[in-house]
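Atom set for the values below is all heavy atoms of this structure, side chains included, hydrogens, waters and symmetry mates excluded. As the structure is a computational prediction, the values presented were derived from the model and not from experiment. In what follows, chains carry the letters A, B, and so on, assigned in the order in which the sequence lines appear, proteins first and then strands, with residues in each chain numbered from 1.
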Amino acid sequence: MRDFKQSVLAVVAKIPKGHVLSYKEIAKRAGNSGAARAVGNIMKQNRNPKVPCHRVIHSDGRIGGFNRGKEFKAVLLREEGVKLSHRLKVLRS
DNA sequence: TAGCTGACGCAAA
DNA sequence: ATTTGCGCCAGCT
């Protein structure tokens with residue numbers, strides 16, 4: 001539970017700039033490969049600046065959602081080097 | 001304590 | 001290629 005959340009936060013915090021991880025990948029790293037949904041929930045709840053939740057996207061490479069508005073997230077990613085050409089599958093490692 | 005929600009993912013139509 | 005439906009898990013109320 002909380003441990004999982006902690007792991008997720010840690011993993012997300014470890015995401016290097018210019019990289020994006022899918023919720024599923026994060027869940028996998030956190031210890032629960034099938035908790036992608038839960039991860040999303042956690043992110044939504046998360047408010048920690050240390051956790052670049054904007055680097056978390058769908059496994060499809062699309063942007064998921066964001067507390068602050070997906071637009072902001074998209075811009076952020078673009079600024080970091082992740083080119084979201086509208087519907088581009090970036091998903092890097 | 002139990003139930004609802006959801007920033008997901010994948011399969012099928 | 002898209003759209004629709006179902007499944008799954010943890011967190012929150």
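At a cut-off of 3.5 angstrom, counting only N and O atoms as typed in the model, there is no donor on one side facing an acceptor on the other between the side-chain of Arg37(A) and the base of dG9(B).
Distance, Ile57(A) CD1 to dG9(B) P: 9 Å, rounded to whole Å. Ile26(A) places its CD1 atom 21 Å from the P atom of dC8(C), with the value rounded to the nearest Å. Between Lys70(A) atom NZ and dG6(B) atom P the separation is 12 Å, expressed in whole Å. Atom CZ of Arg55(A) is separated from atom P of dC8(B) by 19 Å (rounded to the nearest Å). If you take CG of Asn46(A) and P of dC12(C), they are 10 Å apart, rounded to a whole angstrom. Distance, Asn67(A) CG to dG6(B) P: 13 Å, rounded to whole Å. Taking atom CZ of Arg62(A) as the reference point, atom C1' of dT2(C) lies 10 Å away to the nearest angstrom. To the nearest angstrom, C1' of dA7(B) lies 6 Å from NZ of Lys73(A).
Using modelled atom types, no side-chain atom of Asp60(A) and backbone atom of Arg62(A) make a donor-acceptor pair closer than 3.5 Å.
The only option from Ile57(A), Ile63(A), Leu77(A) that meets the side-chain contact (heavy atoms from CB on, under 4.5 Å) definition with Val82(A) turns out to be Leu77(A).
The phosphate of dC8(B) has neither OP1 nor OP2 within less than 4.0 Å of any side-chain N or O from Ser59(A). Between His58(A) and the phosphate of dA7(B), there is no side-chain N or O to OP1/OP2 separation shorter than 4.0 Å.
In this structure, Val20(A) and Val56(A) have side chains that are not in contact, with every pair of non-hydrogen atoms separated by 4.5 Å or more. Residues Val12(A) and Leu21(A) have side chains not in contact (no heavy-atom distance under 4.5 Å, counting atoms from C-beta outward).
Note on Lys44(A): a base of the nucleic acid sits closer than 4.0 angstrom, heavy atoms only. As judged by a 4.0 angstrom heavy-atom cut-off over every strand, Asn41(A) is placed among the base-contacting residues. Note on Ala35(A): only backbone sugar-phosphate atoms sit closer than 4.0 angstrom, heavy atoms only; bases stay farther off.
Between the side chains of Glu80(A) and His19(A), no donor N or O sits under 3.5 Å from an acceptor N or O.
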